[in-house]
Structures are given as C-alpha cells and as structure tokens.
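The structure under discussion appears below in the form of structure tokens.
To find a chain, count down the sequence lines: A is the first, B the second, and so on, and within it residues start at 1. Keep in mind it's a predicted model, so treat the numbers as computed, not measured.
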Number of protein chains: 2
Amino acid sequence: MKIGHLATAVGMDIQTLRYYESQGLLSEPARLQNGYRDYPDEAISRLKFIKKAKLVGFTLKEIKDLLAIQVTKDEHTCQEVKSFTQVKLAEISNKIEELQRIKVALEKIHTSCCGGDETAAHCSILSALEN
Amino acid sequence: MKIGHLATAVGMDIQTLRYYESQGLLSEPARLQNGYRDYPDEAISRLKFIKKAKLVGFTLKEIKDLLAIQVTKDEHTCQEVKSFTQVKLAEISNKIEELQRIKVALEKIHTSCCGGDETAAHCSILSALEN
DNA sequence: TTAAACCCTAAAGCATACTATAGAGTCAAG
DNA sequence: CTTGACTCTATAGTATGCTTTAGGGTTTAA
Ligand SMILES: [Zn+2]
Ligand SMILES: [Zn+2]
Ligand SMILES: [Zn+2]
Ligand SMILES: [Zn+2]
C-alpha cells in the first residue's frame, strides 16, 4: 500500500504519516523499487490505534510507549498498561481543576463589570487587575 | 530602577522583562548613561497587572491589548473591556468541556482494566484502543 | 586591582504536533 | 511526449512564553 492510499484510508495526511515515522510511531515500511514506501495492511490498524489514543489525550511520545507494549503484550502486564491511563487521568484532572480555578476568578471579575458604554475609567475588571 | 531590582520587586526574572519589552508589553524604558535600563516606579504596577492577567488565563498578546486600553481608559468603554473576559470565559469553558469529554472516555477504559500482574494479552485498555 | 555581581545584545533552543516549502524523481493516461 | 498526479528528501516555519548561550561591557567592594 502506498502512502497516499494509507493516508486516505485512515484520514490523515501524508506528511503526518512521514512525521510519525520520523518519531518512531510507525516503523519504517518496505520500499518499492522506485523508493516509494510500501505499507503492510497492519499499518492501518496501527494508525487507528494512534488516533484513538490521541482522542483520549495521550501525547505522541506516550503513544509510542503504548505501541511498544501493544506489540509485545505478552511481555507486559495489565498493571503496566493501566498506569498509563492512571497518570493521564491525574494530569487531565489537574488541568480541569486549574481551568476551573481560572474560570471562577474570571467569572468573578466579569460579572462585576457593568459592561456599559460609558468610559472604562471606573471599570472593575481593570481595577481588579490593577490591585 | 535597574532591571534586576525591578525583577526582584515583581518576582520575575530579568530575561522575562526584556522579553516582555520585545513583545511590546513593557514600553522601552529610559537608559542610564552606561546603557542600563532605568525603569520608572510605574513599571512595577504594570508588571503586576500582567501577572494578574496571566493568572486568569490571558495570553501575552491579549494582555498587551488590555494594557493598551488600560492606559487610555477614558477612550474606551466597559463594554469593550468586558468583551475580553467574555471571550476568554468562553474559551476556557470549551477547554474544560473538551477535557471532561476526554476524562470520561479515559475513565471508561481505565476502570475496565483489571490492573493485575498477568500479561496484557487480554488488556481491555489495549483492546479499546485497537477497535 | 581584581573578583563578584550586574548589565548589554543578538540569536538559538525548548516543547508539541504538525504544516509548508523547495527541488526533484516517477508513473499512467491521452 | 507531455501533463497531471503521485512520491521522495531535507529543511524551515508555526504558535506560545519563555530560557539559554555566547560574547562582552560596568560597577562595587575588598
Ligand atoms: Zn462600567
Ligand atoms: Zn467595566
Ligand atoms: Zn487484565
Ligand atoms: Zn488491562
């Protein structure tokens, strides 16, 4: 399978596939005599795995590690795999908390402003940022 | 006031101040005869404004715009200022929603995994990413 | 006088995940 | 035989907010 075909099959674009290869997420495929990449069918499932993992927030580096486990499942444990989701869940929870903190602070100054069309000389948002 | 003093006063470091200057958040200060920057006292409050604005999620570019309004409050309206917090609130809400979507999806696959120390051959996390 | 502490500029590096550009070879159809 | 579609490599650019590096001047206290 040539790269354009693969890209279409998985809904990614060609440069992205070459980029993933450069980052070690996709192993170097065989080459045709003209030098074109020639992917095996498994490349499709590997890329779908990558897509799903991205959807749940994993970085490419993490996905690379997950893929390494996936191809040698027998040599790894559920514990090991679960620690990935554990860590990522903690990260995401922290991000959410941080954003909620920001949101609350922002809402507070937002609601205090009259939003009118008089001059901002008395604006409580600006005052809040000044003090 | 020299840059080191100012940096200490606001708890930022020197390079950051020079960076802010390069980005137009801090106006170019006067120079001493030896070429050293010589900041007026107002630089402190300006930097505190920047810090607070960062804390509620504004980017440097947005802060630059807010500062421009702040120094000419009379020529701007509350409406105008409030639109900044409005937009930012929407952005943050979206980010939170996206993260919560991810979190739910991740929790789902996380809890389905036994987390045991047998081999990952049957791991439901890997299966979830494969299908 | 000399060493530490402070200041200067310009440019590059970092992290992330691509995206774009330049310059060039290959292939199939008309 | 040429045009368009496809592929290749290598390199640089994007966004964000710094941080680091390199290579030098200046000031102050001992
Ligand atoms: Zn008002
Ligand atoms: Zn207002
Ligand atoms: Zn298990
Ligand atoms: Zn498992």
Indicate yes or no: does B:Lys95 engage B:Glu98 in a salt bridge with an N to O separation below 4.0 Å. no
N or O in side chain of [X] less than 4.0 angstrom from [N] OP1/OP2:
{"X": "B:Lys54", "N": "D:dT16", "result": "no"}
{"X": "A:Arg31", "N": "D:dT9", "result": "yes"}
{"X": "A:Arg18", "N": "D:dT9", "result": "no"}
{"X": "A:Tyr20", "N": "C:dC18", "result": "yes"}
{"X": "B:Thr16", "N": "D:dT19", "result": "yes"}
{"X": "B:Arg37", "N": "C:dC7", "result": "no"}

Of C:dA17, C:dC8, D:dC18, the nucleotide closest to the side chain of A:Tyr19 is C:dA17
Whole angstrom value for the distance that separates [atom2] of [N] from [atom1] of [X]:
{"X": "B:Glu21", "N": "D:dG17", "atom1": "CD", "atom2": "P", "answer": "18 Å"}
{"X": "A:Gln23", "N": "C:dT19", "atom1": "CD", "atom2": "P", "answer": "14 Å"}
{"X": "B:Met1", "N": "C:dC6", "atom1": "CE", "atom2": "P", "answer": "16 Å"}
{"X": "B:Asp38", "N": "D:dT27", "atom1": "CG", "atom2": "C1'", "answer": "15 Å"}
{"X": "A:Ile63", "N": "C:dT16", "atom1": "CD1", "atom2": "P", "answer": "12 Å"}
{"X": "A:Leu17", "N": "C:dC18", "atom1": "CG", "atom2": "P", "answer": "10 Å"}
{"X": "B:Tyr39", "N": "C:dC7", "atom1": "OH", "atom2": "C1'", "answer": "11 Å"}
{"X": "B:Leu6", "N": "C:dC8", "atom1": "CG", "atom2": "P", "answer": "11 Å"}

For a quick check of understanding: with a heavy-atom distance under 4.0 Å over all strands, which category does B:Ile14 fall into, base, sugar-phosphate or nothing?
sugar-phosphate
Please find the pair of heavy atoms, one from [X] and one from [Y], that lie closest to each other, and give the distance.
{"X": "B:Gly115", "Y": "A:Cys78", "result": "N-CB, 3.8 Å"}
{"X": "B:His122", "Y": "B:Cys114", "result": "NE2-SG, 3.9 Å"}
{"X": "B:Pro29", "Y": "B:Asp38", "result": "CB-O, 3.8 Å"}
{"X": "A:Lys82", "Y": "B:His110", "result": "CE-O, 3.1 Å"}
{"X": "A:Asp74", "Y": "B:Thr119", "result": "O-CB, 3.6 Å"}

**Item:** Beyond-backbone contact of A:Glu91 with A:Val87, side-chain heavy atoms, under 4.5 angstrom
**Value:** yes
Once base and sugar-phosphate atoms are separated, protein heavy atoms under 4.0 Å mark nucleotides 20-27 of chain C, 5' to 3', with B, S and - as -----BBS
